[in-house]
Amino acid sequence: MNAARDAILARVRAALRDVPEAERADDVAVARDYRTEGTLPHAEVVALFAENCADYRANVREVDAAGLPGAIAEALAARGARRLAIPADLPAQWRAGDGVEWVEDHGLSHDALSAVDGVVTGCAVAVALNGTIALDGGVAQGRRALTLLPDYHLCVVHAEQVVELVPEGIARLREAALAGQPMTIVAGPSATSDIEFNRVEGVHGPRTLDVLVVTG
Amino acid sequence: MTTSASWPDVPAFPLAAKSALADAQMRRNIGMATSTIREKRTGVVEEMPDWEQLREAGRALKERTLRHLDEHLLTLEESVTRAGGVVHWARDGDEANAIVTRIAKSKGVSEVVKVKSMATVEIELNEALEAAGITALETDLAELIVQLGRDRPSHILVPAIHRNRAEIRDIFRRTIGPETLTDEPAELAEAARRFLRERFLRARVGVSGANFAVAETGAIAVLESEGNGRMCTTLPETLITVCGIEKLVPAWQDLEVFLQLLPRSSTAERMNPYTTLWSGARDDDGPREFHLVLLDNGRTDSLADELARQTLACIRCSACLNVCPVYERTGGHAYGSVYPGPIGAILTPQLAGMRAAGSLPFASSLCGACYEVCPVKIDIPTVLVHLRDRSNKERAAASLKGRLDPERLALKAVAKGFATRGRYERLQKLGRLGQWPLARKGKIERLPGELGGWTKARDLMPIPDQTFREWWVEREASR
Ligand code: SF4
């Protein structure tokens, strides 16, 4: 096995004979003159996120902090979701709704996760330009399987978590990346373009995605 | 060229194209699908004022990666190992297949779940696993359609692009049911969901490819739509990822470029529904065991060609396929290679060796549309011409027969004929007189003798009664 490693590295080095000995990787210039810092006022960034996220047929609603528990309860009721899986550190005030059973994830089995009506989480960062939400396993997000197996995902996004551009989002995830945290970036509910290149929502991941954006 | 790579045989493009051109249904399916995606791509690219800067950054980042690939590979190995993963190296497909098979066998499984990966198609991993008594279940909708239809992939992103919804319905009815299935895309997707759900839940080994591997953090990125990629990379206890050595990017920050370029170029979305990133293995989230197989399989041969090296920058978005007039008409199967279209025309001969796939660089009209859409600015036309030259030289050098190759002789004669206007016009007249025994229904399907090589793969339009030049002279005279 080490023979293969040595052989491949030797072949790579032989193939790169034209690269000067003294050249370092960073000597190869990369101009980062694409947009790296947003220019929109924050309120517009949040509005753009809501618009682009909804474009994937996610249901996006803006609420204020005081209205959040009510909005969660309403969303769950509208979906008929009564048993909800949640990360153990989900804030208490998010656990809203009459007769809703909250199932904390302390290593739930895959079958158990499949059997709940949905899942409620927060997120790490959201990007307006492409309407995405990133989960990095941090506070109120749980492990990856938690937001994968249930058919319904309700995600709470705080306005201050929304950035305008992709580079800003990637930068916010850097710390978690260096810590080796697994991540999921979500753009709407699961979908496929495999039938005649037309997007159809709902294959293996959650078929319904509700997003509550908390402003103010 | 000699290569250590193990590659399936590649039939000559011209022969395969002739029969593909005759398949009207397939041409319609591909024509419809590619025109849909072309239009959508233009839309999502045009809303990006900094698209050209992103393309240039993508190109430059890949150059940085490739010119120092040894260093980045070692960094990646270190990062993945530190994060609890195991790194394996495979010189060719056989070695990679042996590694994956050994790991799967050690887990005692008879089935693995797979998320679409071009690298594993390239090395024929499924066949190798099958030979060892392990079923590799493809979980991508399009791959599943191909697998259930006992078919071959024809597009690197949507392998079943040659199938329309009615054909997919028929394949599903025959295989996974139900009998009553309609051709409504949502219903077809639902059928796949039901069929695969149980299998995901009980899978113990998952196999994936990689879109990107970040040397700095050890993160592997898989971009997908359906959630099957998340299932395969999250639920099994053991995950094995086969990753071509060119898939690396040096730093975490570099994802800010590629995560913008790839989705807009491939499925023409601002972002694909799901992107999974993980480093190594953990006890509390996802697989407890992670194996990364770094695959060469001819890539270092490509790296050694200074001009053609840029081919390895490819992020497999498939935009070049979707705009290619040749691909649109012949479909993917005619290329007879895992990688069809313009990228296949330059990648396959480099990976599989000129002698195995030397006809592919000729499968292009050099119109340049591929270069214009390529998100990492691979100059496909220039690489094509360069490889044609290499192919010709290698063919000529290979044998005496090569030097007497009828196509070369014919082209030499043509060159002579085109050299002066007088000679050209005389030849046209001669041709008109001489062609009558050959033309049938307005085209010439077979030329005699040595020239037969030309029409084996092409129909020739007979020389018209009047040339454009003659018509022009006549028209001017009668005004
Ligand atoms: S060559 Fe360029 S356009 Fe074609 S698949 Fe690769 S990255 Fe995409």
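Note: hydrogens, waters and symmetry copies are ignored here, and every other heavy atom, side chains too, is used.
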Against chain A, label T139(B) side chain, backbone, both or neither, depending on which of its atoms sit under 4.5 Å from a heavy atom there. backbone
Check whether any side-chain N or O of R282(B) sits under 3.5 Å from a backbone N or O of G180(A) as a donor-acceptor pair, and report yes or no. yes
Surrounding CZ of R172(A) (heavy atoms of other residues, nucleotides or ligands, distance under 6.0 Å), is the total greater than 12? yes
Interchain contact, A29(A) with chain B, by part (heavy-atom threshold 4.5 Å): backbone
Tell me, out of T267(B), V222(B), L61(B), who's got the most heavy-atom pairs with chain A below 4.5 Å. L61(B)
Heavy-atom cut-off 4.5 Å, strictly under: side chain, backbone, both or neither for R82(B) against chain A? neither
Contacting moiety of E224(B), where chain A heavy atoms sit under 4.5 Å: neither
What is the distance from atom CZ of R144(A) to atom CG of D285(B), rounded to the nearest 0.5 Å? 4.5 Å
Can you tell whether the side chains of R5(A) and D296(B) come within less than 4.0 Å, N to carboxylate O? no
Verdict with reasoning, D301(B) to R11(A), per side chain to side chain contact (heavy atoms under 4.5 Å, CB included): CA-CA 8 Å; D301(B) 287 324; R11(A) 291 177 66 106; 3.1 Å; yes
For the pair Y274(B) (side chain) and T184(A) (backbone), establish whether a donor and an acceptor sit closer than 3.5 Å, ignoring hydrogens and angles. no
Identify which part of D26(A) has an atom lying under 4.5 Å from any heavy atom of chain B, answering side chain, backbone, both or neither. both
So does E101(A) have more than 12 non-hydrogen atoms from other groups sitting under 6.0 Å from CD? yes
Is V44(B) in contact with chain A via its backbone, its side chain, both, or neither, using a 4.5 Å heavy-atom distance? neither
If one checks every heavy atom of L129(A) against chain B at 4.5 Å, the contacting part turns out to be both
Please state whether the side chain, the backbone, both or neither of L223(B) comes within less than 4.5 Å of a heavy atom of chain A. neither
Who wins among M32(B), K40(B), E63(B), E77(B) for the most heavy-atom pairs under 4.5 Å with chain A? E77(B)
Roughly how far apart are N272(B) CG and N130(A) CG, rounded to 0.5 Å? 9.5 Å
Taking side chain as C-beta onward, heavy atoms only, is D55(A) less than 4.5 Å from R270(B)? yes
Shortest non-hydrogen contact from G205(A) toward R193(B): O-NH1, 3.2 Å
Examine whether an atom of V12(A) lies under 4.5 Å from a heavy atom of chain B, and if so say whether it belongs to the side chain, the backbone or both; otherwise answer neither. both
In sequence, state the C-alpha distance, the side-chain angles, and the governing distance for Y34(A) and E256(B), and then conclude on side chain to side chain contact (heavy atoms under 4.5 Å, CB included). CA-CA 10 Å; Y34(A) 45 84; E256(B) 71 187 20; 2.4 Å; yes
Ranking R202(B), M271(B), R67(B), E47(B) by heavy-atom pairs under 4.5 Å to chain A gives rank one to R67(B)
Contact origin within E306(B) toward chain A - heavy atom pairs under 4.5 Å: side chain
Is any side-chain heavy atom of R197(B) closer than 4.5 Å to a side-chain heavy atom of L149(A)? yes
Distance-minimising heavy-atom pair for P185(B) and V200(A): CB-CG2, 3.4 Å
Pick from L135(A), T147(A), L209(A), L178(A): which one has the most heavy-atom pairs with chain B under 4.5 Å? T147(A)
Considering only heavy atoms, which portion of P206(A) lies under 4.5 Å from any heavy atom of chain B: side chain, backbone, both, or neither? both
A side-chain contact here means heavy atoms from C-beta on lying under 4.5 Å apart; do R35(A) and L54(B) qualify? no
Over 12 foreign heavy atoms within 6.0 Å of CZ, R199(B): yes
Atom group of D70(B) that falls short of 4.5 Å from chain A, counting heavy atoms: both
Which atoms form the tightest heavy-atom contact between L148(A) and G227(B), and what is the distance? CD1-O, 4.0 Å
Is any side-chain heavy atom of V203(A) less than 4.5 Å from a side-chain heavy atom of L196(B)? no
Compare every heavy atom of H204(A) with every heavy atom of M231(B), then report the nearest pair and how far apart it is. CE-O, 3.4 Å
Do R230(B) side-chain atoms and A145(A) backbone N/O form a donor-acceptor pair below 3.5 Å? no
Counting distance only, does the side-chain N/O of W252(B) pair as donor-acceptor with the main-chain N or O of I170(A) below 3.5 Å? yes
Given a strict heavy-atom distance threshold of 4.5 Å, which part of A31(A) is in contact with chain B: side chain, backbone, both, or neither? backbone
Which atoms of E71(B) are under 4.5 Å from chain A, going by heavy atoms: the side chain, the backbone, both sets, or neither? side chain
Salt bridge check, E216(B) against R174(A): does any charged N sit closer than 4.0 Å to a carboxylate O? yes
Under 4.5 Å, counting heavy-atom pairs only, tell me which of T36(B), L141(B), T217(B), T65(B) racks up the most with chain A. L141(B)
For H110(A) and L201(B) the tightest heavy-atom approach is CB-CD2, 3.7 Å
Trace of the salt bridge (Lys or Arg N to Asp or Glu O under 4.0 Å) decision for R32(A) with D254(B): CA-CA 10 Å; R32(A) 298 195 191 260; D254(B) 302 338; 2.7 Å; yes
Under 4.5 Å to a heavy atom of chain A? For R309(B) that would be side chain
Which atoms of A90(B) are under 4.5 Å from chain A, going by heavy atoms: the side chain, the backbone, both sets, or neither? backbone
Under a 3.5 Å distance rule, please check whether D50(B) uses its side chain to pair with a backbone N or O of D33(A) as donor and acceptor. no
Could you tell me which portion of A179(A) (side chain, backbone, both or neither) has an atom closer than 4.5 angstrom to a non-hydrogen atom of chain B? backbone
A7(A) and R91(B) have their tightest heavy-atom pair at CB-CD, 3.8 Å
With a 3.5 Å cut-off and no angle check, do the side chains of R143(A) and T234(B) form a donor-acceptor pair? no
Residue among D305(B), L259(B), L74(B) with most heavy-atom pairs under 4.5 Å to chain A: L74(B)
Using non-hydrogen atoms only, which part of T276(B) is less than 4.5 Å away from chain A: side chain, backbone, both, or neither? both
So, Y56(A) versus E269(B): side-chain donor-acceptor pair below 3.5 Å or not? no
Select one option (side chain, backbone, both, neither) describing which atoms of R59(B) are under 4.5 Å from chain A's heavy atoms. neither
Tell me, for N322(B) versus chain A, whether the close heavy atoms (under 4.5 Å) come from the side chain, the backbone, both or neither. side chain
Of the backbone (N, CA, C, O) and the side chain (C-beta and beyond), which part of E23(A) lies under 4.5 Å from a heavy atom of chain B, both, or neither? both
Select one option (side chain, backbone, both, neither) describing which atoms of P49(B) are under 4.5 Å from chain A's heavy atoms. both
With a 4.5 angstrom heavy-atom cut-off, is it the side chain or the backbone of L113(A) that approaches chain B, or both, or neither? neither
Please classify the contact between L173(A) and chain B as side chain, backbone, both or neither, with a heavy-atom cut-off of under 4.5 Å. both
Okay, T192(A) and chain B: the region with an atom under 4.5 Å from a heavy atom over there is both
